There are 2 protein chains.
Amino acid sequence: MKEGPDIARVAALLGDPARANMLTALMGGKALTATELAQEAGVTPQTASSHLAKLEAGQIVIPRKQGRHRYFTLSGPDIVEALEVMMGIANRVGHNRVRTGPKDPELRRARVCYDHLAGDMGVALFDGLSKRKLIKTDLNGVALTDAGVDFANGFGIDLAALRQNRRPLCRECLDWSARQSHLAGSFGAALLDRFYDLGWARRMSESRIVRFSAEGEQKFRELVGD
Amino acid sequence: MKEGPDIARVAALLGDPARANMLTALMGGKALTATELAQEAGVTPQTASSHLAKLEAGQIVIPRKQGRHRYFTLSGPDIVEALEVMMGIANRVGHNRVRTGPKDPELRRARVCYDHLAGDMGVALFDGLSKRKLIKTDLNGVALTDAGVDFANGFGIDLAALRQNRRPLCRECLDWSARQSHLAGSFGAALLDRFYDLGWARRMSESRIVRFSAEGEQKFRELVGD
DNA sequence: TTCATCATTCGATTATCATCGAACTATGAA
DNA sequence: TTCATAGTTCGATGATAATCGAATGATGAA
């Protein structure tokens with residue numbers, strides 16, 4: 001006992017409902033102000049301020065001052081990873097929130113998972129790219145095929161730039177709502193960016209929902225080979 | 001807000017020091033009894049029982065009754081993953097436990113990370129296999145090379161059997177003590193098993209420490225090309 | 001059966017912490 | 001300057017939950 005790093009301190013910081021709501025909101029990838037986070041968490045600004053001070057002291061979030069606002073972001077990809085894993089666990093053991101709001105169906109359909117597409121359409125994307133043999137999955141994980149490289153270039157994705165990053169190009173990410181994998185990694189993020197740029201989809205404000213336009217969805221269906 | 005699975009409930013279960021200590025102990029891979037876990041956590045049996053009831057209700061651990069003992073194990077690999085990620089975060093932000101016991105140096109040298117080798121020697125293994133080009137790391141992660149496959153067969157590892165499993169063969173796992181990657185996945189686990197079988201090393205009881213014999217260490221050094 | 005050990009339940013205590021009202025500071029706009 | 005908004009600090013309140021002593025049930029050993 002008394003071995004190693006202190007998990008409890010980190011876990012306790014994620015273990016309060018108000019803080020968990022804030023962090024989940026920050027998984028959207030956008031920096032949010034203290035008041036926005038207070039609303040997300042459903043608490044008063046005073047309470048939110050106290051929570052944010054704790055999260056900041058624990059180096060879970062990083063504040064950035066701009067004018068009279070303070071914008072908060074998650075302190076690193078490891079935080080995202082931790083939240084993702086815990087969502088997977090919570091989903092597996094059936095720890096869903098008591099009230100599932102009206103936004104729930106849309107969320108399960110298409111949402112942003114920090115920077116890539118998740119939900120049913122995220123899973124469809126993964127399956128579609130696999131079926132078209134643009135990505136392949138083996139025991140070592142997911143990888144882009146030669147055909148996939150050609151596709152990426154044709155689709156307007158600069159693979160060379162992505163490779164600059166230390167981050168893996170392709171990564172599986174367990175989708176808590178669909179119980180299947182969707183595509184993460186820098187390639188997954190780049191795909192979603194292209195969907196935005198092409199006008200196929202856009203982020204709903206104040207939410208993780210990704211809404212596709214009619215044409216956008218049709219193009220998407222063609223892409224995944226439906 | 002009010003979207004998705006309830007992270008907070010899971011995180012709160014991991015967020016108590018006593019429970020975190022218990023779970024860390026279970027990362028050793030062995031099933032432990034309630035009293036053993038009470039000792040690990042540094043609390044009385046009554047308190048431990050209360051914690052274990054909570055963990056069981058939250059499906060974080062699974063009890064198995066045997067005689068008058070109750071043996072507990074982690075409920076799935078996702079729990080291990082969550083604990084690992086949180087250790088990484090805790091280490092990054094410097095949340096180490098206040099008292100670092102006398103076992104600390106040995107732990108940092110060689111310990112079991114659920115089922116594979118971690119610590120300095122775990123990192124040395126990863127580096128050694130890379131240098132000998134038995135494994136390779138690219139943007140898609142770690143993979144066994146052709147030479148690596150030959151090596152595994154010669155070393156007494158049944159890759160065909162490992163492939164039965166859905167689990168990835170090779171996986172990087174961030175070592176919290178060395179701040180570098182060591183080798184996880186079913187191949188990583190199989191390697192450690194062989195070290196045990198060959199008598200190179202053995203598990204210390206009541207701890208995650210892996211202790212190498214003198215000859216064992218020498219063989220290990222040859223293996224990693226020192 | 002009798003005894004010892006493992007584990008749980010109950011009850012009481014204690015400490016921690018989330019919460020919010022009120023007051024205060026800081027920044028920007030008019 | 002004056003006003004409005006963003007955010008924090010302080011203090012009080014209330015609820016939750018961790019802890020352990022004592023008692024109870026359950027299993028195996030003698």
Side-chain angles (χ1 to χ4, degrees), chain A residues 1-2 6-26 30-58 60-73 95 97-98 206, chain B residues 1-2 6-26 30-58 60-73 95 97-98 206:
Chain A
M1 57 174 161
K2 308 274 174 281
D6 192 359
I7 305 178
R9 235 162 114 183
V10 178
L13 284 171
L14 315 187
D16 173 81
R19 287 194 292 265
N21 283 336
M22 291 178 175
L23 295 171
T24 305
L26 288 175
K30 273 197 314 188
L32 297 174
T33 66
T35 23
E36 284 171 332
L37 289 169
Q39 286 181 325
E40 287 287 342
V43 293
T44 60
Q46 302 96 300
T47 307
S49 183
S50 147
H51 286 305
L52 288 168
K54 287 189 175 70
L55 288 173
E56 189 186 341
I60 306 297
V61 300
I62 296 178
R64 194 164 44 88
K65 196 155 189 172
Q66 196 169 53
R68 54 179 163 181
H69 293 280
R70 278 183 86 205
Y71 284 91
F72 291 88
T73 49
H95 279 179
R97 285 210 188 73
V98 263
E206 317 279 324
Chain B
M1 58 174 158
K2 308 272 173 284
D6 192 359
I7 306 177
R9 235 162 113 182
V10 178
L13 284 171
L14 316 187
D16 175 82
R19 287 195 292 265
N21 283 336
M22 292 179 175
L23 294 171
T24 305
L26 288 175
K30 272 198 312 188
L32 298 174
T33 66
T35 22
E36 285 171 330
L37 289 169
Q39 286 181 326
E40 287 287 344
V43 293
T44 61
Q46 303 95 301
T47 307
S49 185
S50 146
H51 285 304
L52 288 168
K54 285 188 176 72
L55 289 173
E56 190 186 342
I60 306 297
V61 301
I62 295 179
R64 194 165 42 90
K65 196 153 190 174
Q66 195 170 54
R68 55 180 162 179
H69 293 282
R70 277 184 86 204
Y71 285 92
F72 291 87
T73 49
H95 280 179
R97 283 209 189 73
V98 263
E206 317 277 325

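Everything numeric here is computed off the predicted structure, so don't read it as measured data. Sequence lines set the chain letters: A, B, ... in the order given, protein chains first and strands last, and positions in each chain run from 1.
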Please report, rounded to the nearest Å, how far the [atom2] atom of [N] is from the [atom1] atom of [X].
X     : N      : atom1 : atom2 : value
B/K65 : D/dA26 : NZ    : P     : 8 Å
B/R68 : D/dT24 : CZ    : P     : 20 Å
A/H51 : C/dC20 : NE2   : P     : 9 Å
B/Q39 : D/dC20 : CD    : P     : 14 Å
B/L52 : C/dT9  : CG    : P     : 11 Å
A/K54 : D/dT9  : NZ    : C1'   : 13 Å
A/D16 : D/dA17 : CG    : P     : 11 Å

Answer with base, sugar-phosphate or nothing: what part of the nucleic acid does A/A18 contact at a heavy-atom distance below 4.0 Å?
->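 Answer is sugar-phosphate: A/A18 comes under 4.0 Å of backbone atoms only.
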At what distance, to the nearest 0.5 angstrom, does CG of B/N21 lie from CG of B/D16?
->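 If I round to the nearest 0.5 Å, the distance is 9.0 Å.
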Given D/dA6, D/dA18, D/dT19, which nucleotide is nearest the side-chain atoms of A/T35?
->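 Nearest to the side chain of A/T35 among the choices is D/dA6.
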Starting at the 5' end of DNA chain D, which residue's closest nucleotide do you reach first, A/Y71 or B/T47?
->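 Of the two residues, A/Y71 wins.
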Side-chain donor/acceptor of A/Q46 to base of D/dG7, under 3.5 Å |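 When only heavy-atom distances are counted, A/Q46 does not reach the base of D/dG7 through any donor-acceptor pair under 3.5 Å.
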